[in-house]
Amino acid sequence: MPRSEPMKAARGVRDILPAAIPLWRQAEEGAADVAKRFGYQEIATPIIEQLELIQRAGEDTDAVAKELYRLEKRGSQDLALRPEATAGVVRAYFEGGLNQGPQPSRLYLIGPMFRHDKPQKGRYRQFFQFNVEVIGGGSAGFDAEVIELAGAWLDEVGAGDLRLELNSIGDGKCRPAYLERLKEYYRPLKSRLHADSQLRLERNPLRLLDSKVPQEQPFKAGAPKITDHLCPECAAHWAAVRRLLDAAGIEYQVNPYLVRGLDYYTRTVFEFYPGGATGQQDALASGGRYDGLAEAEGWPSTPGVGFAGGIDRVTELMASSGEAVVARPAADVVVLPDGDLAVEAAEVARICRGVRSTAVDYEPRSLAAKMRAANKLGAKFVVLLTPEDAAKRTARLRDMSSGEQTDLEWVELPTRLA
RNA sequence: GUGGCUAUAGCUCAGCAGGCAGAGCACCAGAUUGUGGAUCUGGGUGUCGCGGGUUCAAAUCCCGCUAGCCACCCCA
């Protein structure tokens, strides 16, 4: 047989092994707890969606073109793996009739997302997000609420010091005029911009503000700030959000360069970063208001605000900050048959499982080896079974911490183990 | 898309002025007349990522490829 490479996981994806699961659970359960405490309900949407839904929510950005996992066409629908959750949640809100219920709908979702990125630390092709969405409510109170919720989650799971950045990017009423001012400012500088930025200048000028090209940094300082050019409604909303955050004692930094590239985003944008990190660190959670998204999907215009938190990054932070989680033993009780007693050992295990997690060592190895294995597993008890015992339906129970042993009948096991 | 680093046992890695492929951990067994942890003893489980080149001789030097990691770019 020709030798071949052993099979490995697909590029950019990873396993969450048993030892890492407690930390993972802590991040997820922390998310669910906080969301419920704020009155949010869980929703689960498919990881596949119609390609068109994702394209409408992402327009024709490079990201959609390059990073979307499209599925081979089956039947008449083009499908893709979801790269983010909000588009699907908004779709489900209408399709499931949540728009008929009390407004707004407060929803949360935890699940995997897929992007064909080049993998690197904290960035995977299948990654997990905690999403919180308020759909059907346009008040500033909701903006502040989801920000507070995001901060509470990161705090409680032990993500450590945080930095919250905040901005407003206006809406369809005031943004176009601001973008004209921005273009006017950058046009004379066009020849000094990076090639990518020259394209953005006419197509998506807002993105010039978060450019990281070193030679463009000095230009940003002189650029008009959108928060100076908000319409009265957006300005009032912006002021209200900040007032609410101040009242809640939530610290933030206004970052006039924090933007979103898509038209349906409106008003509030925010991102949480690890506090110790400087510069270009990936956000732990990012969100904002998307009053134009429902309409982009072809549904009635409906306001919404929310955020997405990266569970992979958060668990990595938890691990590095020494967040200790003790893994529970796989089984409290291990049955060690001495000889060919698989049937009897399985029956004894079945009896023990009524009161404690129980495993059986079926391997034909020495009793010493079985004891070693049971010890490493963290077993609290072992049940030793010899052919003579088995014939009489008796066994020997050993307490692994005290070393104490007692001979007893199988039927006595539940009471002795309980 | 760009760049840097890495690739040797199941795992982590050493070996690299070219000369018989190694350690620790893990695993198996024994000391213990078949009862765990501590200790000791024994056991190597390998196409040195793949393909070429240089050489008497290549894990080691050179070229190419592939994969992984890290960073930049990007990130709905």
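Proteins come first, then strands; the chains are lettered A, B, ... in the order of their sequence lines, and each starts at number 1. Model, not experiment: these values are computed from the prediction.
In this structure, A:Gln120 atom CD and B:rG3 atom P are separated by 16 Å, rounded to whole Å. A:Lys212 has its NZ atom 9 Å from the P atom of B:rC72, to the nearest Å. Across the protein-nucleic acid pair, A:Leu397 atom CG and B:rU35 atom P stand 18 Å apart, rounded to whole Å. Separating the NZ atom of A:Lys121 from the C1' atom of B:rG68 is a distance of 14 Å, rounded to the nearest angstrom. Rounded to an integer number of Å, the gap from A:Asp117 CG to B:rC75 P is 10 Å. Remark: P of B:rG36 and CZ of A:Arg398 are 7 Å apart, rounded to the nearest angstrom. Taking atom CD on A:Gln215 and atom C1' on B:rC73, their separation rounds to 13 Å, with Å as the unit.
Using the six-membered ring where Trp is involved, A:Tyr178 and A:His229 have ring planes that are tilted, between 30° and 60° apart.
For B:rC75, the OP1/OP2 oxygens have a side-chain nitrogen or oxygen of A:Arg207 closer than 4.0 Å. Applying the 4.0 Å criterion to OP1 and OP2 of B:rC73, one finds that A:Arg123 has every side-chain N and O outside that range.
B:rG64 and B:rC56: their C1' atoms are spaced 26 Å apart (whole Å). Comparing B:rA9 with B:rC25, their C1' atoms sit 12 Å apart, to the nearest whole Å. With both ends at atom P, the span from B:rA21 to B:rA58 equals 11 Å, rounded to whole Å. When the C1' atom is used for both B:rG24 and B:rA17, the distance is 27 Å, rounded to whole Å. Comparing B:rG1 with B:rA59, their P atoms sit 34 Å apart, to the nearest whole Å.
Side-chain atoms of A:Arg260 stay outside donor-acceptor range of the base of B:rC75, with no qualifying N/O pair under 3.5 Å. Counting atom types as modelled, A:Arg372 pairs no side-chain N or O with a base atom of B:rG37 as donor and acceptor under 3.5 Å.
Side-chain polar atoms of A:Thr45 and A:Arg82 form a donor-acceptor pair below 3.5 angstrom.
Residue-to-nucleotide proximity on RNA chain B shows that, of A:Ala9 and A:Lys376, the 5′-proximal contact is made by A:Lys376. If you find the closest nucleotide of RNA chain B to A:Asn375 and to A:Lys118, the one lying nearer the 5' end belongs to A:Lys118.
We find that A:Arg56 and A:Glu52 are joined by a salt bridge, their nearest charged nitrogen and carboxylate oxygen being less than 4.0 Å apart.
Out of B:rA76, B:rA29, B:rG36, the shortest distance to the side chain of A:Ser366 is found at B:rA29. The side chain of A:Arg115 has B:rC75 as its nearest neighbour among B:rC75, B:rA29, B:rG34. Of the candidates B:rA76, B:rU35, B:rG68, B:rG68 carries the atom nearest the A:Arg11 side chain, counting heavy atoms from C-beta on.
Heavy atoms of other residues, nucleotides or ligands lying less than 6.0 angstrom from CD1 of A:Ile48 number 12 at most.
Using a distance-only test at 3.5 Å, with no hydrogens or angles considered, a donor-acceptor pair links the side chain of A:Asp171 to the main chain of A:Lys173. In this structure a side-chain-to-backbone donor-acceptor pair under 3.5 Å is missing from A:Glu67 to A:Asp117.
Residue A:Leu336 is out of contact with every strand shown, counting any heavy-atom pair closer than 4.0 Å.
Across all strands shown, the partner of B:rU12 is B:rA23, judged by Watson-Crick or G-U wobble contacts whose two distances both fall under 3.5 Å. When Watson-Crick and G-U wobble pairs are counted only if both distances are under 3.5 Å, B:rC75 pairs with no nucleotide at all. Checking B:rA57 for Watson-Crick or G-U wobble geometry (two distances, each under 3.5 Å) identifies no partner in any strand. Figure legend. B:rC48 is base-paired to no nucleotide; pairs are counted as Watson-Crick or G-U wobble with both atom distances under 3.5 Å. For B:rG3, the paired nucleotide is B:rC70, the pair qualifying as Watson-Crick or G-U wobble because both relevant distances are below 3.5 Å. Within the shown strands, nothing qualifies as a pairing partner of B:rA38 under the Watson-Crick or G-U definition with both distances less than 3.5 Å.
The CD atom of A:Gln55 sits 5.5 Å away from the CZ atom of A:Arg70 when rounded to the nearest 0.5 Å.
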